[in-house]
Amino acid sequence: MTNGDGGGSRLSRNERRDLARTKSQEIRAEHKKKERRNRWLLQGGIVVASIAIIAVVAVVIVNSIRPPMPGPLNMQSDGIRIGEGYVAETTPALRPGDTPVPHERDTASDVISIQMYIDYLCPICGQFEEVNGPLIDQLVADGAATIEYHPLAILTSKSAGTQYSLRAANAAACVANYDPDSFYNYNSILFSKQPEEGTEGHTNDELVKLSRTIGVASPASIERCINDVRFKSWVQEATNRALNGPIPGADVTAITGTPTVIVNGAKFNYTFPFDADEFSAFLVQAAGQSFTETSTATPTPTPEPAPAP
């Protein structure tokens, strides 16, 4: 009796074994193919991620080694000197790594040289400006004195995290760079609108508005400069130079607080409360000549001088 499938349809044991072996080999080959594909995909993903990481690191490195910016124009001495009619003396920018070049004092003339190291958040600086500003204003307008302002950032940590001292000094440097003849007025308005120590101070937008209030030239350039904090590194370096000394052409080794006022090379050791007569008398002593009192401001009590950190 025969099977209905026919005698040739049944596989022998050896044939079934060979067929199973072939299927197993095919499965293993397919599995290895998938493994290779997955491995290449994984490696490709790692390479792509590595390239992305390298790109990010490269950007960070490039930014960190970006060449330092030069200082502002007209502040080669780390300060800007204002003369008769509130006109600023123009100078090249201080290049990174260079030593500041002090303004030469004309000892042959009777023009008084006043230098002021200031911090725009310092309440003592604001008080000094209020009491003695009218006298300085008259002397500079008439050409009887020059005044050289050195903006510092000693109180950067005293503005609720906004670094107002640094940003205000940068804003002043921006005005010195783009419109030096407006510096005197900008310096004045920064003190007349001075925020209290410990507050956030003016925003960059408000510093820009103050510059527009006095009618600066190149307002768009000054705005970008203020918002970019373009002269941040210069402000920091100038502050360190002042704190570490020496102070050229003066009997001051280094700046220990603001305001520091130097007249014809001699430091003004002021007392509290400020008295316009005291400063006027010091000018007479330093210059060896008499002045007519022009300030009638009434002094008010002030806190202790702002110390260096």
Side-chain angles (χ1 to χ4, degrees), residues 68-96 98 100-104 111 113-121 125-126 129 133-134 136-153 163-195 201-239:
M69 293 285 293
L73 291 169
N74 312 310
M75 301 188 83
Q76 194 177 26
S77 67
D78 276 349
I80 182 170
R81 185 158 73 173
I82 313 296
E84 183 174 1
Y86 314 116
V87 176
E89 295 186 20
T90 58
T91 70
L94 185 65
R95 295 178 301 178
D98 281 358
V101 180
H103 287 286
E104 293 185 4
V111 176
S113 173
I114 305 172
Q115 294 170 270
M116 290 190 61
Y117 290 81
I118 54 178
D119 187 310
Y120 289 114
L121 189 60
C125 299
E129 177 74 13
I136 294 173
D137 189 80
Q138 187 63 53
L139 293 173
V140 174
D142 293 343
T146 62
I147 184 159
E148 184 175 332
Y149 291 106
H150 292 258
L152 305 181
Q163 298 190 325
Y164 177 72
S165 287
L166 189 152
R167 292 186 297 104
N170 171 77
C174 292
V175 173
N177 186 83
Y178 289 105
D179 187 9
D181 290 344
S182 289
F183 186 94
Y184 190 88
N185 287 337
Y186 193 59
N187 176 83
S188 296
I189 200 170
L190 286 178
F191 280 124
S192 66
K193 302 293 185 182
Q194 185 183 46
H202 297 301
T203 65
N204 285 344
D205 285 344
E206 289 168 339
L207 289 170
V208 169
K209 289 178 181 177
L210 290 177
S211 73
R212 293 178 184 270
T213 297
I214 63 167
V216 293
S218 304
S221 295
I222 290 175
E223 179 176 0
R224 285 193 298 271
C225 181
I226 290 175
N227 285 326
D228 293 343
V229 198
R230 176 180 172 185
F231 296 116
K232 174 181 178 179
S233 61
W234 172 81
V235 171
Q236 294 169 326
E237 291 164 5
T239 300

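Numbers here simply count residues along the sequence, with the first being 1.
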Working to the nearest 0.5 angstrom, can you tell me the gap between S77 OG and Q115 CD? 7.5 Å

Could you give me the CA-CA distance, side-chain angles and deciding distance for C174 and R224, then say whether side-chain contact (heavy atoms from CB on, under 4.5 Å) is met? CA-CA 9 Å; C174 292; R224 285 193 298 271; over 6 Å; no

State whether the side chain of R167 and the backbone N or O of H202 hold a donor-acceptor pair below 3.5 Å, judged by distance alone. yes

Would you name the heavy atoms of S182 and I214 that are closest together and state the gap between them? O-CD1, 3.6 Å

I would like to know whether K193 and T213 meet side-chain contact (heavy atoms from CB on, under 4.5 Å); could you show each step before the answer? CA-CA 12 Å; K193 302 293 185 182; T213 297; over 6 Å; no

So which heavy atom on S211 is nearest to which on I222, and how close? OG-CG2, 4.0 Å

Going by the angle between their ring planes, with limits at 30° and 60°, are Y120 and F191 parallel, tilted or perpendicular? tilted

Between N177 (side chain) and L73 (backbone), is there a donor-acceptor pair under 3.5 Å? yes

Compare every heavy atom of G126 with every heavy atom of Q194, then report the nearest pair and how far apart it is. OE1-CA, 3.6 Å

Looking at A153 and V235, what are the two nearest heavy atoms and their distance? CB-CG1, 3.7 Å

Spacing of CD1 belonging to I82 relative to OH belonging to Y184, to within rounding of 0.5 Å: 9.0 Å

In terms of heavy-atom contacts, Y178 and C225 come closest through CE1-CB, 3.9 Å

With rounding to the nearest 0.5 angstrom, report the CD to CE distance, E148 to M116. 12.0 Å

Would you say the side-chain atoms of W234 and D78 include a donor-acceptor pair closer than 3.5 Å? yes

Taking the side chain as every heavy atom from C-beta outward, state whether T91 and H103 have any pair of such atoms under 4.5 Å apart. yes

Give the C-alpha distance, both sets of side-chain angles, the deciding distance and a yes or no for side-chain contact (heavy atoms from CB on, under 4.5 Å) between I136 and L139. CA-CA 5 Å; I136 294 173; L139 293 173; 5.6 Å; no

If you round to the nearest 0.5 Å, how far is CG of L210 from CG of N185? 12.5 Å

With N187, which of I80, I147, I118 fulfils side chain to side chain contact (heavy atoms under 4.5 Å, CB included)? I118

Give the minimum heavy-atom separation between G201 and E206, together with the two atoms involved. O-OE1, 4.2 Å

Side chain to side chain, N227 and D205, heavy atoms closer than 4.5 Å: yes

Distance in Å, Q163 CD paired with N170 CG, rounded so as to fall on 0.5 Å steps: 11.0 Å

Going by atom types alone, do D179 and S218 pair a side-chain donor with an acceptor below 3.5 Å? no

Evaluation steps, side-chain contact (heavy atoms from CB on, under 4.5 Å), between T239 and L166: CA-CA 10 Å; T239 300; L166 189 152; over 6 Å; no

Measure the shortest side-chain to side-chain distance between L94 and M75 over non-hydrogen atoms and say whether it is less than 4.5 angstrom. no

Once you round to the nearest 0.5 Å, how far does CG of D228 lie from CD of E223? 10.0 Å

